[in-house]
Amino acid sequence: MVKVRRKISVLLSEKPGMATERYNPRTSEPRWQKAWEEARLFETKNDDGRPTYYVLEMFPYPSGRIHIGHTRNYTMGDVVARYKRAKGFNVLHPMGWDAFGMPAENAAMQNKVHPKEWTYQNIATMREQLKMMGLSLDWSREFATCDVDYYHRQQMLFLDFYEKGLVTRKTSKVNWDPVDQTVLANEQVIDGRGWRSGALVESRELAQWFFKITDYAEDLLSAIDGLEDWPEKVRLMQRNWIGRSEGLSVRWELVPETAPAGERELEVYTTRPDTIFGASFMAIAPDHPLARKAAENNPGLVAFIEECRHMGTSVAALETAEKKGFDTGIRVKHPFDPEWTLPVYVANFVLMEYGTGAIFGCPSGDQRDLDFANKYGLPVIPVVMPEDADASAFQIADEAYSDDGVMINSRFLDGLSNKQAFEEVASRLEKTLLDGKPVAERKVNFRLRDWGVSRQRYWGCPIPMIHCEACGVVPVPKADLPVKLPDDVDFEKPGNPLDRHPTWRHVKCPKCGGDARRETDTMDTFVDSSWYFARFTSPHANEPVVRDVVNRWLPVDQYIGGIEHAILHLLYSRFFTRAMRDTGHLDLAEPFKGLFTQGMVVHETYRAEDGRWLAPNEVRIESTGGERRAFEIATGKPATIGSLEKMSKSKKNTVSPEDITESFGADTARWFMLSDSPPERDVEWTDDGATGAHRFVQRVWRLVAEIAPALREIAPKAGRDGDAAAISKPAHKALKIVGEDIERLAFNRAIARIHQLVNDLQPAFSALGTADEESRAAAREAVEILIHLIAPFMPHLAEECWACIGGEGLVASSRWPDYDPELVVDNTILLPVQINGKKRGDLTISRDADQAAVEKAVLELDFVQKALNGAVPRKVIVVPQRIVNVVA
RNA sequence: GCGGACGUGGCGGAAUUGGUAGACGCAAGGGACUUAAAAUCCCUCGGGCUUCGCCCGUGCGGGUUCGAUUCCCGCCGUCCGCACCA
């Protein structure tokens with residue numbers, strides 16, 4: 001039999017049911033949203049005395065439409081917010097817009113819309129979309145980072161940081177994106193390409209503004225240990241990103257007759273000074289000053305350096321690049337043996353940005369060095385061997401040994417562990433002098449680089465600095481803030497419109513009053529998102545934050561967002577909080593106490609016969625037995641069902657939040673997105689799943705609406721015996737567990753428990769017609785509990801049900817009920833009984849039966865006696881309240 | 001290459017961290033109601049067998065234990081992050 005799946009609209013036709021009207025979210029949801037708004041339920045007061053709880057979802061970029069992935073994210077936060085509110089907390093749950101950035105400028109170029117207009121238009125659309133979801137957000141605190149009010153305060157912070165020495169301007173090699181005509185941070189370059197444009201990145205020298213995040217490297221690293229409510233994965237990613245290493249910086253004396261004029265030494269950084277007797281060459285970066293000097297009269301070297309530069313960017317080149325070097329002819333003296341000299345190569349694999357841009361190669365202990373040595377015929381001296389190896393026979397051929405072990409072939413180090421050797425070499429070289437200074441110095445090195453925040457763009461926060469011929473760089477006085485973006489700009493040409501604006505950049509120097517020019521760089525948008533969570537606590541304050549207030553709210557108790565921000569956004573925010581602390585704005589270091597990274601919403605992909613991507617509403621799915629086949633509606637031709645992918649425009653596998661809210665309502669969408677899949681994992685959007693969720697919405701409504709008339713005048717009271725207890729017990733058990741599950745963000749489990757409660761209550765409720773007073777009171781209470789349990793997930797339905805049973809006020813402002821501890825335990829328990837570890841039956845026994853009583857009862861069981869066949873068991877293991885195992 | 005996570009029915013996933021494997025949902029099949037459908041309700045639903053019961057079963061192979069999805073060792077596979085980092 002072929003069953004054709006029907007369009008959603010069929011399911012929604014509101015034919016009157018026998019007893020109860022179907023629940024209609026389209027009329028109900030806006031009504032309750034209005035009720036909440038009029039009661040100002042979600043507007044949070046800073047001076048409320050109750051304990052605070054701050055739940056925050058990463059704010060969206062106003063791209064134009066809310067994506068279904070956003071709504072899953074916000075729903076999770078909303079469940080927590082509504083639950084915590086019901087638990088008596090003063091909850092802060094704000095929303096705003098990460099509104100600066102390139103898409104607005106791209107739109108300006110393509111569609112001739114002003115970025116401001118485009119952005120605020122998008123915000124207006126998206127705000128309406130969000131409001132349809134019934135999120136309990138405090139809209140009175142809303143702001144966009146492109147609001148002058150916001151970036152004004154960001155400029156204040158910038159000046160404070162500058163004064164504190166946390167901002168610096170340096171000329172540095174930057175990643176230049178030729179398409180976006182802007183500078184990218186290292187981390188915005190992915191595989192040699194701009195993270196947004198995808199263009200191959202070039203390297204350029206430019207004067208740039210930097211935040212000195214490296215000043216906090218050590219603290220940012222060690223404080224990760226204290227972030228116990230963060231996913232381990234994210235903590236690890238941050239640790240690796242900061243990349244701390246302990247090593248030794250060693251100065252090698254150049255052999256004078258081989259050295260370029262004026263050069264006397266080469267400084268290298270190493271984490272393995274223990275392998276110093278295994279050194280066989282030095283390698284320096286192509287852009288190392290010594291390499292440049294050496295190239296001055298060496299055309300071959302010039303050509304090699306040039307070659308290195310060119311291969312630098314393309315992905316393929318980087319991945320497959322052969323380790324190559326060029327002998328400069330320069331030689332260095334070994335620090336422990338002036339007679340021993342080593343060649344200096346320029347090598348394509350040495351990075352100028354890391355350490356000193358120079359290394360010593362120890363081929364036996366490093367695979368890369370070994371490959372290099374083998375290629376250029378350099379000596380390979382094994383210096384570390386595994387502890388159980390034989391020193392006389394230990395050889396290195398094609399595989400380096402980089403693990404810990406025992407020193408060999410290393411003179412005074414022989415026999416030491418490599419760790420001891422590290423210490424020995426370090427302390428000896430610290431005492432050895434070269435040109436009056438120690439040859440070596442212990443040094444901690446970080447992979448983390450300073451944060452370049454200059455962007456050559458219009459749509460960003462202007463950097464409040466002025467360049468004066470006479471006075472140099474002068475900060476804009478705070479009284480002159482904000483430095484506003486001019487509105488009259490053109491986007492005809494690529495590059496920075498601020499730079500070519502006729503008047504904006506001309507300004508008087510605040511110091512000497514002479515003609516000067518404004519900084520035309522704007523800030524990286526990561527700056528905007530590095531403190532918005534703090535601004536939400538006092539969004540209208542004159543200062544960036546109000547110290548007492550921000551101290552009370554921060555850290556954010558639960559922050560929820562995508563794993564894609566695991567490194568940068570979170571690291572920058574951690575830096576900003578420290579910087580704000582050190583400039584006196586607040587008194588804490590860590591902005592986010594709990595972090596949760598949610599999964600994506602994915603959907604099947606469909607392709608037409610000719611390979612075109614098809615949107616879900618362009619295909620019809622037929623199921624024959626268990627087999628699903630797709631057809632393109634327009635042509636009737638078969639289509640291919642492809643893999644699950646993150647929803648994206650390019651693959652057309654998107655489902656918009658309106659599609660769902662307009663047909664099923666927000667509650668169904670909310671419920672579905674949190675069902676089944678654990679929140680940290682991806683969830684697959686399916687029509688079947690959505691209709692299933694909607695079926696449950698209707699089921700709850702029917703259950704409540706049908707029982708309501710019988711319960712309207714009944715006072716709720718838990719039942720302790722008989723039929724009444726059979727209603728109250730599952731209700732109280734669910735109440736306990738759902739609360740615990742929400743606390744753990746285990747929404748899928750909470751939902752399963754609610755399903756189960758409905759399954760449990762349904763038969764009891766249909767028998768209620770003949771039931772006693774006690775059962776009715778228990779039923780009344782159970783319904784109230786059920787409504788409270790669904791309220792965080794399906795707030796509109798909860799209100800409708802609440803009104804239906806004649807509940808007072810709004811569910812959204814009422815307390816989470818307390819469970820009765822006596823009702824969540826049973827007096828008799830069903831104890832599984834195993835024989836030799838295999839379950840053979842159950843024992844029903846009183847909960848407080850002691851071990852001996854349980855053992856006795858077990859041995860009397862039929863199936864146990866049969867299994868024992870008269871023999872005495874070797875052992876009976878009784879795990880209280882859990883299980884019994886009889887070992888025959 | 002390094003680091004991490006994961007692997008359970010047709011599918012998404014539960015399993016109180018060593019104690020009844022498969023909760024709950026989806027899909028599928030059967031039935032009731034109906035002129036018919038939708039909606040709703042009831043039943044079945046890991047595999048096998050000699051079916052009132054028994055055997056096998058949580059990627060594969062071993063181990064520890066009275067007892068292992070959970071712990072240990074070794075494989076296989078999938079996904080993610082990082083990477084010429086000295």
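To find a chain, count down the sequence lines: A is the first, B the second, and so on, and within it residues start at 1.
Set against B:G19, B:C66, B:C54, the side chain of A:R840 has B:C54 as its closest nucleotide. Of the candidate nucleotides B:G12, B:A39, B:A14, B:A14 has the atom lying nearest to any side-chain atom of A:P678.
Atom P of nucleotide B:G12 and atom CZ of A:R681 are separated by 9 Å, given to the nearest angstrom. When the C1' atom of B:U40 is taken as reference, atom CZ of A:F696 falls 16 Å away, rounded to whole Å. Here the C1' atom of nucleotide B:G19 and the CG atom of A:N885 are 9 Å apart, to the nearest Å. Rounded to whole Å, atom P of B:A14 lies 11 Å from atom CG of A:D741.
Nucleic acid contact for A:R874: none, since no nucleic acid atom lies under 4.0 Å from a heavy atom of the residue. A:V833 comes within 4.0 angstrom of nothing in the nucleic acid, heavy atoms only. A:L236 comes within contact range of the sugar-phosphate backbone alone, with a heavy-atom separation under 4.0 Å but no base atom that close. Using a 4.0 Å heavy-atom criterion, one finds that A:Q762 contacts the sugar-phosphate atoms exclusively. The residue A:V879 sits close to a base: some heavy atom pair falls under 4.0 Å. The residue A:R239 sits apart from the nucleic acid: no heavy atom pair falls under 4.0 Å.
Comparing the same atom, C1', in B:C26 and in B:A14 gives a spacing of 15 Å after rounding to whole Å. A distance of about 28 Å separates the P atoms of B:G63 and B:U17, rounded to the whole Å. The gap from the C1' atom of B:U69 to that of B:U50 amounts to 31 Å, rounded to the nearest Å. When the C1' atom is used for both B:G4 and B:A86, the distance is 24 Å, rounded to whole Å. When the P atom is used for both B:U58 and B:G7, the distance is 13 Å, rounded to whole Å. Taking atom C1' in both B:C72 and B:U65, one finds a spacing of 12 Å when rounded to whole Å. With both ends at atom C1', the span from B:C11 to B:G3 equals 32 Å, rounded to whole Å. When the C1' atom is used for both B:A21 and B:U8, the distance is 8 Å, rounded to whole Å.
Put simply, A:R272 has no side-chain N or O that comes within less than 4.0 Å of OP1 or OP2 on B:C85. An OP1 or OP2 oxygen of B:A86 is reached within less than 4.0 angstrom by a side-chain nitrogen or oxygen of A:Y354.
Below the 3.5 angstrom threshold, one finds a donor paired with an acceptor across the side chain of A:R882 and the base of B:U16. In terms of polar N and O atoms assigned as donor or acceptor, the side chain of A:Q834 comes within less than 3.5 Å of the base of B:G19 in a complementary pairing.
Contact check on A:E740 versus A:R753 returns no salt bridge, with no Lys/Arg side-chain nitrogen under 4.0 Å from an Asp/Glu carboxylate oxygen. Residues A:E218 and A:R244 are paired through a salt bridge, judged by an N-O separation under 4.0 Å between the basic side chain and the carboxylate. Using a cut-off of 4.0 Å between Lys/Arg side-chain N and Asp/Glu carboxylate O, A:E307 and A:K324 are scored as salt-bridged. Between A:D225 and A:R239, at least one side-chain N (NZ, or NE/NH1/NH2) sits under 4.0 Å from a carboxylate O, which counts as a salt bridge.
Taking the six-membered ring for Trp and the full ring otherwise, A:H334 and A:F277 have centroids separated by under 6.0 Å. You'll find the ring centres of A:F372 and A:F281 inside the 6.0 Å limit. Ring centroid separation for the pair A:W230 and A:F596 does not come in under the 6.0 Å cut-off. In this structure, A:Y345 has its ring center no closer than 6.0 Å to that of A:F326.
Side-chain contact, A:E267 with A:S249: a donor N or O sits under 3.5 Å from an acceptor N or O.
For the strand RNA chain B, secondary-structure stems (runs of at least three Watson-Crick or G-U pairs, all distances below 3.5 Å) span B:1-7 with B:76-82, B:10-12 with B:24-26, B:28-32 with B:40-44, B:46-49 with B:53-56, B:59-63 with B:71-75.
Looking at A:L786 and A:I754, their side chains come closer than 4.5 Å, going by heavy atoms from C-beta outward. Looking at A:S364 and A:I381, their side chains never come closer than 4.5 Å, going by heavy atoms from C-beta outward.
Regarding the sugar-base torsion, B:G57 falls in the anti class, its angle being beyond 90° of 0.
Residues satisfying the side-chain contact (heavy atoms from CB on, under 4.5 Å) test with A:N240, not counting sequence neighbours, are A:L236. With sequence neighbours excluded, the residues forming a side-chain contact (heavy atoms from CB on, under 4.5 Å) with A:H755 are A:W671, A:F696, A:I751, listed by chain and number. For A:D826, the side-chain contact (heavy atoms from CB on, under 4.5 Å) partners at least two apart in sequence or on another chain are A:K729, A:K733.
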What protein N or O atoms touch nucleotides 23-25 of chain B N or O atoms at under 3.5 angstrom, if any, and at what distances?
{"from": "B:A23", "atom 1": "O2'", "to": "A:Q756", "atom 2": "NE2", "distance (Å)": "3.1"}
{"from": "B:G25", "atom 1": "OP1", "to": "A:N759", "atom 2": "ND2", "distance (Å)": "3.4"}

Distances for protein N or O near nucleotides 78-82 of chain B N or O, under 3.5 Å:
{"from": "B:C80", "atom 1": "O2'", "to": "A:K233", "atom 2": "NZ", "distance (Å)": "3.3"}

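The residue among A:E680 and A:G357 whose nearest nucleotide of RNA chain B lies closer to the 5′ end is A:E680. Along RNA chain B, the nucleotide closest to A:L351 and the one closest to A:V886 are compared, and the more 5′ of them pairs with A:V886.
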